[in-house]
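Letters A, B, ... are given to chains in the order of the sequence lines, protein chains preceding strands, and every chain is numbered from 1.
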There are 2 protein chains.
Amino acid sequence: MTRQTKPRLSDVAKLAGVSLGTASNVFSYPAKVRPEVRERVHAAAERLHYLGPDPAARLMRRGKVNAIGIVAPAQFRTADALRNPSFQMFMCGVAEVCDEEGTNVVIIPDPAVSPAINSALVDAFIFGQVEHLSVARPAEMRKLPFVVVDFDGGEGVNSVRIDARTGGYLAAKHLLDLGHRRFAVMSFLRTFDPAIYHPPGPQRDGSIAGMPIDREKMEGYRRAFAEHGLNIDDIPVVQAHPWDKSAAALLLHHAPDATALLSMAAMQGVSLIAEAKRRGRRVPDDLSVVGFNDIPEAQHSDPPLTVIDARNAEKGRIAARMVFNPCQPTAKMLNPSLVVRGSTAPAMLSNRQS
Amino acid sequence: MTRQTKPRLSDVAKLAGVSLGTASNVFSYPAKVRPEVRERVHAAAERLHYLGPDPAARLMRRGKVNAIGIVAPAQFRTADALRNPSFQMFMCGVAEVCDEEGTNVVIIPDPAVSPAINSALVDAFIFGQVEHLSVARPAEMRKLPFVVVDFDGGEGVNSVRIDARTGGYLAAKHLLDLGHRRFAVMSFLRTFDPAIYHPPGPQRDGSIAGMPIDREKMEGYRRAFAEHGLNIDDIPVVQAHPWDKSAAALLLHHAPDATALLSMAAMQGVSLIAEAKRRGRRVPDDLSVVGFNDIPEAQHSDPPLTVIDARNAEKGRIAARMVFNPCQPTAKMLNPSLVVRGSTAPAMLSNRQS
DNA sequence: TCAATTACTTGGATCGTTTCAAAAAACGTG
DNA sequence: CACGTTTTTTGAAACGATCCAAGTAATTGA
């Protein structure tokens with residue numbers, strides 16, 4: 001007998017001398033089968049090198065895949081998701097729970113960029129940083145549980161998000177409390193287009209921040225500034241993709257006298273430190289920098305970057321648990337915290353007085 | 001009519017007044033269907049909120065999932081894979097190709113740790129850093145194409161690997177050429193056990209390096225040393241998990257007079273720089289460090305770490321292309337290169353003479 | 001020993017598509 | 001309009017398991 005084709009459960013059943021149904025039970029509900037028979041079936045499976053029920057066929061009947069899908073943030077393809085440090089932390093959190101549950105993780109590009117989501121075989125979806133609820137349509141249509149991240153889905157939708165408003169507030173307040181009064185902001189640009197410089201001015205709208213969550217950070221900054229009689233509209237902003245290496249130079253060029261920088265992304269915070277040092281400015285002596293998201297790079301830069309910890313891993317864990325134990329849909333909000341490291345210091349007296 | 005259950009293709013076909021087969025063709029081979037009919041079917045699908053063929057059923061018939069699986073390195077669960085910087089780069093490379101092909105990526109724990117691989121719905125497997133060919137059994141049994149990484153699978157098995165021997169050689173030669181003569185090595189421990197100090201001695205065997213690829217690095221070091229009349233067995237080695245933060249201190253404690261450090265992992269290289277600075281040693285003035293794998297952290301440390309670039313992303317791209325265009329199985333070997341950054345400098349004269 | 005109870009097994013229906021041979025329709029031509 | 005081609009459409013048979021009602025065997029109690 002040539003083993004041309006892969007063994008099916010029916011082959012195993014035949015060899016073991018039992019019915020297909022019984023063989024199926026051996027693999028799916030072993031308790032239902034007499035140990036002796038079970039043994040025989042396993043032996044037959046062994047001999048045929050049968051690896052267990054075909055996942056596709058099982059899925060078909062059972063409707064369960066043993067996998068959950070993480071959908072990349074807006075405009076991201078799979079590779080972008082894997083490259084992004086804060087999303088990596090989020091995925092790690094999700095994966096920790098999946099490892100416990102014994103399920104696989106599928107990474108899926110943003111549906112706006114690729115239709116791959118429609119052919120994704122998963123039991124549930126986690127939509128990473130969401131802009132519109134519409135991305136969740138495929139999940140709703142397929143009646144699969146899902147969670148949206150960093151977005152308020154409203155009634156009846158699971159969501160987890162960080163209180164970015166408070167995060168922004170804490171970042172700005174930290175610098176203000178250190179006596180800083182001359183600021184510049186690095187905000188988030190979703191696309192890979194060149195960085196944009198937004199000069200101070202009262203007419204700036206929400207578009208100077210890339211995602212809903214970034215607008216919230218900005219509001220947090222605004223509130224902290226207001227408490228010190230400053231207006232965010234008077235502060236220069238550069239909007240750039242998190243990996244745009246030219247952005248740091250652009251910001252430092254347009255805000256040469258700022259003593260404190262607020263970055264909405266941790267990577268840009270790290271770049272700002274590097275670029276500042278390159279320009280001969282000492283961090284934190286001449287210039288303080290605060291980033292957002294406590295990524296590993298923030299800890300290894302020199303000096304280590306002070307950041308707002310957006311608790312990405314925890315966010316991932318919570319999101320995963322939500323889809324694993326489907327219950328009343330809830331909107332969970334996490335509290336960020338300030339992690340003070342070496343990139344911030346009191347403003348020098350000379351700067352304070354200005 | 002209550003829409004309790006999700007619409008099936010047969011519902012769409014009925015509503016559109018065509019046969020099931022034709023409706024199927026509309027979604028799978030539109031060219032086979034008259035535009036007018038196609039239109040009608042699409043309209044019916046629209047009305048029923050039908051999202052396209054059920055992936056599970058399609059998979060069942062077609063045998064294609066539109067996803068490929070990346071299996072985590074030995075002993076790694078999914079979360080470990082996502083946390084490891086050099087494996088991240090590898091996965092990014094894979095993902096880039098998958099994004100082009102429009103397929104999803106599934107991350108699967110090492111079969112030795114979790115059986116999730118048996119229920120993984122993928123069209124092909126990429127086995128990340130492999131120790132034994134046996135991990136590929138599930139792929140062989142299911143007759144799915146696969147590639148093993150950093151391992152020679154022998155005849156008839158696809159593989160991609162870095163020439164780690166040359167990598168090790170380049171790293172050691174770089175330091176030797178700079179005049180260094182007193183070394184210490186940080187090698188790789190697969191488990192989370194405490195770091196192990198291996199004193200110099202002729203009896204040390206392969207176990208002082210964790211994976212096949214690490215033994216190759218060690219051989220590269222040995223060759224370079226031999227060219228300068230040195231013996232690797234006379235050099236202290238600490239073997240540690242890449243994220244074991246205590247390992248750097250252990251190494252510097254046991255090799256206080258080394259002027260050059262060779263690390264088999266980039267993260268440990270970064271840690272060594274940090275720990276050395278903490279102990280008041282200047283890098284690269286007093287101490288040179290070379291790491292392996294050009295991860296982002298290597299670029300952002302201070303000073304930036306000199307590394308061997310193991311071309312992880314390229315490795316991922318090649319692995320992915322191999323499983324997408326199944327052809328004659330090949331064993332592809334990549335050449336590493338030395339990336340000189342700020343963590344290495346000529347040995348001081350006083351050290352040279354010793 | 002027989003009926004009642006319990007513990008396993010069985011066979012066939014089913015999941016929602018794709019596939020493919022065969023039938024039907026449409027088309028072109030003399 | 002009858003004929004041969006070509007283009008479309010049809011209907012039934014897979015794909016490889018799970019599920020369940022119904023049947024058979026083993027066990028118990030009297």
Side-chain angles (χ1 to χ4, degrees), chain A residues 3-42 44-45 48-66 118-121 123 141-144, chain B residues 3-42 44-45 48-66 118-121 123 141-144:
Chain A
R3 206 155 43 65
Q4 292 286 18
T5 174
K6 56 178 209 188
R8 288 160 307 170
L9 185 54
S10 61
D11 301 327
V12 174
K14 202 176 302 168
L15 181 63
V18 298
S19 79
L20 183 55
T22 299
S24 171
N25 281 335
V26 169
F27 290 97
S28 300
Y29 304 94
K32 286 190 168 184
V33 183
R34 209 146 31 101
E36 174 203 324
V37 177
R38 208 189 303 158
E39 217 31 68
R40 225 166 59 223
V41 173
H42 274 132
L48 294 175
H49 299 282
Y50 180 78
L51 283 177
D54 180 84
R58 160 173 284 184
L59 160 63
M60 176 103 221
R61 275 300 319 202
R62 265 224 202 143
K64 195 154 169 302
V65 197
N66 219 35
N118 291 317
S119 63
L121 288 165
D123 301 318
M141 294 284 77
R142 282 165 64 184
K143 316 262 175 205
L144 294 174
Chain B
R3 204 152 46 62
Q4 293 285 20
T5 176
K6 49 179 216 188
R8 289 159 307 171
L9 185 54
S10 61
D11 300 327
V12 174
K14 202 176 302 167
L15 182 62
V18 298
S19 79
L20 185 54
T22 300
S24 171
N25 282 333
V26 169
F27 290 97
S28 301
Y29 303 94
K32 285 190 166 181
V33 185
R34 210 145 34 98
E36 175 203 323
V37 177
R38 209 188 302 156
E39 215 34 63
R40 224 163 61 221
V41 173
H42 273 132
L48 295 175
H49 298 282
Y50 181 77
L51 280 178
D54 179 83
R58 162 174 283 182
L59 159 62
M60 175 104 218
R61 274 298 321 203
R62 274 240 260 250
K64 193 154 170 298
V65 198
N66 219 38
N118 291 318
S119 62
L121 288 165
D123 301 317
M141 294 286 77
R142 284 164 63 185
K143 316 266 174 201
L144 293 175

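- Contact annotation: B:S24 reaches the phosphate of C:dT18 (side-chain N/O to OP1 or OP2, under 4.0 Å).
- Aromatic rings of B:F27 and B:H42 (six-membered ring for Trp) have centroids within the 6.0 Å cut-off, being under it.
- The CE atom of B:M60 sits 16 Å away from the P atom of C:dT14 (whole-angstrom rounding).
- Contact of the B:V33 side chain with the B:V41 side chain is not registered, since no non-hydrogen atoms from C-beta on lie closer than 4.5 Å.
- Look at A:S19 and you won't find any side-chain N or O under 4.0 angstrom from OP1 or OP2 of C:dG11.
- In terms of phosphate contacts, B:R58 brings a side-chain nitrogen or oxygen within less than 4.0 Å of OP1 or OP2 of C:dT18.
- Interatomic distance, CG of A:L121 versus OG of B:S119, reported as 11.5 Å (0.5 Å rounding).
- Nearest to the side-chain atoms of A:R34 among the listed nucleotides C:dG16, C:dT17, C:dT9 stands C:dT9.
- Following rounding to the nearest Å, A:K32 (NZ) and D:dC19 (C1') show an atom-to-atom distance of 8 Å.
- Atom C1' of nucleotide C:dT10 and atom CG of A:L9 are separated by 14 Å, given to the nearest angstrom.
- Among the nucleotides C:dT10, D:dC15, D:dA17, the one closest to any side-chain atom of A:L20 is D:dA17.
- Side-chain atoms of A:K6 and A:D54, non-hydrogen and from C-beta on, do get closer than 4.5 Å to each other.
- Here the NE2 atom belonging to A:H49 is positioned 9.5 Å from the CG atom belonging to A:L51, to the nearest 0.5 angstrom.
- Among D:dA17, C:dT9, C:dT19, the nucleotide with an atom closest to any side-chain atom of A:Y50 is D:dA17.
- The side chain of A:S28 contributes an N or O atom lying less than 4.0 Å from OP1 or OP2 of D:dT18.
- In this structure, the NZ atom of B:K64 is 22 Å from the P atom of C:dG16, given to the nearest Å.
- Distance from the side chain of A:R8 is smallest to D:dA17 among C:dT10, C:dT18, D:dA17.
- Residue A:K14 contributes atom NZ, which lies 13 Å from atom P of C:dG11 at whole-angstrom precision.
- Evaluation of atom-type donor-acceptor distances gives a pair under 3.5 Å for the side chain of B:R61 against the base of C:dT18.
- Summarising the geometry, the separation between CZ on A:R38 and P on C:dA7 is reported as 15 Å, rounded to the nearest angstrom.
- The side chain of B:N25 sits closest to C:dT19 out of D:dA17, C:dT17, C:dT19.
- Comparing C:dT9, D:dT18, D:dT10 by their nearest atom to the side chain of A:V37 picks out C:dT9.
- Of the side-chain N and O atoms in B:Y29, one or more sit less than 4.0 angstrom from OP1 or OP2 of C:dT19.
- One can place CZ of B:R142 at 11 Å from P of D:dA17, the figure rounded to the nearest angstrom.
- Distance CG (A:N66) to C1' (D:dT18): 16 Å, rounded to an integer number of Å.
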